[in-house]
Amino acid sequence: MTESGASHAEVHDIIAKLKDLPGALLPILHGIQDKLGYIPAATVPDIAKALNLSRAEVHGVISFYHYFRETPPGKTTVHICRAESCQAMGSRQLEAHVKNRLGIDYHETTADGAFSLEPVYCLGLCAASPSMQIGEQLYGRVSADLFDCVIKSEEVSA
Ligand code: FES
């Protein structure tokens with residue numbers, strides 16, 4: 001199943017705890033991703049078996065929702081807000097800059113495993129649009145220069 005015995009046991013605990021809920025697939029997928037950071041392909045057969053679904057059905061749901069990751073996330077996740085207020089204040093230009101600077105698109109991870117990039121739809125900082133979150137830290141009124149400055153310090157501290 002997964003690389004480590006601990007992950008294996010954790011996944012089995014999540015499946016066992018949630019499999020009898022109505023519509024158990026999504027809670028199980030969320031539970032596994034919350035615990036491991038992604039949904040390893042090796043967990044799909046066990047999920048399918050527990051829910052009496054085909055592997056293709058489980059995989060179809062994982063790939064339908066962009067929120068679910070099939071690969072481990074980078075050490076730090078960069079979230080760029082794509083909601084209305086931030087878009088009105090230039091988040092599209094910001095996201096183009098971020099993608100170019102990191103060399104990845106949304107839902108991807110840099111080759112060195114340092115950063116993943118994900119969209120988010122409102123960080124509650126609309127008054128300071130455009131906004132982003134890097135790791136646990138929120139930033140408002142984000143310019144390309146501010147992004148470069150923050151990411152550089154993240155790279156130095158990595
Ligand atoms: S719309 Fe971006 S923080 Fe609310």
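Each ligand, and each atom within it, is numbered from 1 in the order the structure gives. Only heavy atoms go into these numbers, but all of them, side chains included; no hydrogens, no water, no symmetry mates.
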Give the numbers and elements of all ligand 1 atoms closer than 4.0 Å to a heavy atom of [X].
| X | result |
| --- | --- |
| Cys81 | 1 (S), 2 (Fe), 3 (S) |
| Gly124 | 3 (S) |
| Ser131 | 2 (Fe), 3 (S) |
| Leu123 | 3 (S) |
| Leu125 | 3 (S) |
| Ser85 | 1 (S) |

Using 30° and 60° as the class limits, which term best fits the ring planes of His107 and His66: parallel, tilted or perpendicular?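 Taking His66 first and then His107, their aromatic rings sit tilted (interplane angle of 30° to 60°).
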
Less than 4.0 Å between a side-chain N and a carboxylate O, is that true for Lys75 and Glu154?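 No.
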
Taking the basic N atoms (NZ, or NE/NH1/NH2) and the acidic carboxylate oxygens, is any pair closer than 4.0 Å for Arg101 and Glu155?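 Counted as a salt bridge, because a side-chain N and a carboxylate O are separated by less than 4.0 Å.
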
Can you find a pair of side-chain heavy atoms, one from Ile104 and one from Lys99, that are under 4.5 Å apart?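 Counting from C-beta outward, Ile104 and Lys99 never come under 4.5 Å.
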
Is the shortest side-chain heavy-atom distance between Gln33 and Phe68 below 4.5 Å?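 Contact flag for Gln33/Phe68 side chains = yes.
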
With respect to atom 2 (Fe) of ligand 1, please indicate if Cys126 possesses an N, O or S atom at a distance under 2.8 Å.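 Under 2.8 Å: Cys126 has no N, O or S contact with atom 2 (Fe) of ligand 1.
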
Is the distance from atom 2 (Fe) of ligand 1 to some N, O or S atom of Cys122 under 2.8 Å?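 No N, O or S atom of Cys122 is closer than 2.8 Å to atom 2 (Fe) of ligand 1, so no.
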
If you draw a 6.0 Å radius around CG in Asn52, do more than 12 non-hydrogen atoms from other residues or ligands fall strictly inside?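 No, CG of Asn52 has 12 or fewer neighbouring heavy atoms, counting only those of other groups under 6.0 Å.
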
Residue-level breakdown please: for Cys86 versus ligand 1, do any non-hydrogen atoms fall below 4.0 Å on the side chain, on the backbone, on both, or on neither?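 It is both parts that get close, each with some atom under 4.0 Å.
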
Start with the C-alpha distance between Ser131 and Arg141, add both sets of side-chain angles, then the distance that settles side-chain hydrogen bond (donor to acceptor under 3.5 Å, both in side chains), and finish with yes or no. CA-CA 6 Å; Ser131 66; Arg141 296 193 176 86; over 6 Å; no

